[in-house]
Amino acid sequence: SITAIGSVVLQTAVNGLGSMAVAAVTAGTKISMFFCCPFDALGSTMATYGGQNIGARKLDRVRQGFRATDVIGCAYAVIAGFILFFAGKYFSYLFISDNADVVIPMVDTYLRCVGMFLVPLYVVNCYRNGFQGMGYGLLPMLSGVAELVGRGVMAVIAANKKSYTMACMASPFAWVVATVLLIVLYFYVMKDMKKKLCL
């Protein structure tokens, strides 16, 4: 619900930029969501893997799991980001027919903004789910709050300045804010779990 609130705030800002902006963000979101499915899979995998190995009292294997998903997730994020940045607009022809000459360049702007920040999005998906699998419920929610604040601040600024580019940067900024918090929390979780498991 916290994430959904942030999305509503952002959508309100986009609505104020006109129907072309709404169409562009809608199409861009559909395209980017397709490319982001592997992050959801990695997050679900880490939740299960983390929970199983905490149950087996093997904290080192949890660390290895995070490192392995970091390699896979970051490598995929770079490749997917490259595609979205340079060729993402061509996918918009699947969704855009009317006013294509205006909307597609706007879709391109959205996808370029998102494509540059897929690594933080990977971290948000993987680490949040990983912590939940390890039995930490509050910490992932705190990262959701950080994401809400980041997205909300950028959305308000975009609405005040009537800036489409700043609206496109609202989600990437939110991912960066949440990622910084999650990286800090990772060291706390590992230290706390080591104490709980008496390792």
Assess the residue pair Val149 and Val177 against the criterion (side chain to side chain contact (heavy atoms under 4.5 Å, CB included)); give the C-alpha distance rounded to whole Å, side-chain angles, the decisive distance to 0.1 Å, and a yes or no. CA-CA 9 Å; Val149 171; Val177 172; over 6 Å; no
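- Considering OH of Tyr76 and SG of Cys74, their distance stands at 13.0 Å, rounded to 0.5 Å.
- Residue Leu139 holds its CG atom at 11.5 Å from CZ of Arg128, rounded to the nearest 0.5 Å.
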Apply ring-ring contact (aromatic ring centres under 6.0 Å, His included) to the pair Tyr49 and Phe66, showing each step before the final yes or no. CA-CA 10 Å; Tyr49 183 84; Phe66 276 112; 8.7 Å; no
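- The shortest side-chain heavy-atom distance between Asn53 and Leu59 does not fall under the 4.5 Å cut-off.
- Proximity of Leu84 to Arg112: side-chain heavy atoms (C-beta onward) are nowhere separated by under 4.5 Å.
- Side-chain contact between Leu118 and Cys36 is present, with at least one heavy-atom pair separated by less than 4.5 Å.
- If you take CZ on Phe173 and CD on Glu147, they are separated by 12.0 Å, rounding to the nearest 0.5 Å.
- The hydrophobic cluster containing Val184 does not contain Met190, counting ILVMFWY residues as joined when their side-chain heavy atoms lie under 4.5 angstrom apart, directly or transitively.
- Scored by the salt bridge (Lys or Arg N to Asp or Glu O under 4.0 Å) test, Asp192 finds Lys196 as partners (sequence neighbours excluded).
- Between Leu182 and Val124 the shortest heavy-atom distance is CD1-CA, 3.6 Å.
- One finds the CG atom of Leu142 at 12.0 Å from the CG atom of Leu148 (value rounded to the nearest 0.5 Å).
- Sorted by first and then second residue, the side chain to side chain donor-acceptor pair (under 3.5 Å) pairs with a member in residues 79-90 form an empty list; sequence neighbours excluded.
- Under the 4.5 Å side-chain contact rule for hydrophobic residues, Met166 and Val8 do not share a cluster.
- Atom CD of Gln132 sits about 12.5 Å away from atom CE of Met46, to the nearest 0.5 Å.
- Asn129 is not listed as a side-chain neighbour of Asp40, based on a closest heavy-atom distance of 4.5 Å or more.
- Between Ala27 and Ile96, the shortest heavy-atom contact is CB-CD1, 3.9 Å.
- One finds the CG atom of Leu111 at 11.0 Å from the CD1 atom of Ile104 (value rounded to the nearest 0.5 Å).
- Grouping the Ile, Leu, Val, Met, Phe, Trp and Tyr side chains by contacts below 4.5 angstrom, directly or via other members, places Ile183 with Leu121.
- Counting heavy atoms from C-beta on, the side chains of Ile83 and Phe91 come closer than 4.5 Å.
- The shortest side-chain heavy-atom distance between Ser92 and Ile31 falls under the 4.5 Å cut-off.
- Judged purely by atom type and a 3.5 angstrom limit, Ser163 has no side-chain atom pairing as donor or acceptor with the backbone of Ala159.
- Looking at heavy atoms from C-beta onward, Leu10 lies out of side-chain contact with Met154 at the 4.5 angstrom threshold.
- Residues passing the salt bridge (Lys or Arg N to Asp or Glu O under 4.0 Å) test with Arg63 are Asp60, sequence neighbours excluded.
- When every heavy atom of Ala13 is checked against every heavy atom of Ala155, the shortest pair comes out as CB-O, 3.4 Å.
- Side-chain contact between Ile54 and Met193 is present, with at least one heavy-atom pair separated by less than 4.5 Å.
- Every pair tested for ring pair (Phe, Tyr, Trp, His ring centres under 6.0 Å) that includes a residue from residues 92-126 fails, sequence neighbours excluded, so the list is empty.
- Closest of all the heavy-atom pairs between Ser32 and Val114 is CB-CG1, 4.1 Å.
- Each ring pair (Phe, Tyr, Trp, His ring centres under 6.0 Å) pair with one or both residues in residues 143-163, not counting sequence neighbours, would appear here, but there are none.
- Between Tyr188 and Phe131, a ring centre-to-centre spacing not shorter than 6.0 Å is recorded.
- Looking at Tyr127 and Asp70, their side chains do bring a donor and an acceptor atom within 3.5 Å of each other.
- Residues passing the side-chain contact (heavy atoms from CB on, under 4.5 Å) test with Ala21 are Val14, Leu17, Met106, Tyr164, sequence neighbours excluded.
- Judged by distance alone, the side chain of Ser143 and the main-chain N or O of Pro140 form a donor-acceptor pair under 3.5 Å.
- Neither Val78 nor Val176 shares a network with the other; the hydrophobic side chains, linked directly or stepwise wherever heavy atoms of I, L, V, M, F, W or Y lie under 4.5 Å apart, form separate groups for each.
- In the hydrophobic cluster analysis, where Ile, Leu, Val, Met, Phe, Trp and Tyr join through side-chain heavy atoms closer than 4.5 angstrom, Ile72 is grouped together with Phe82.
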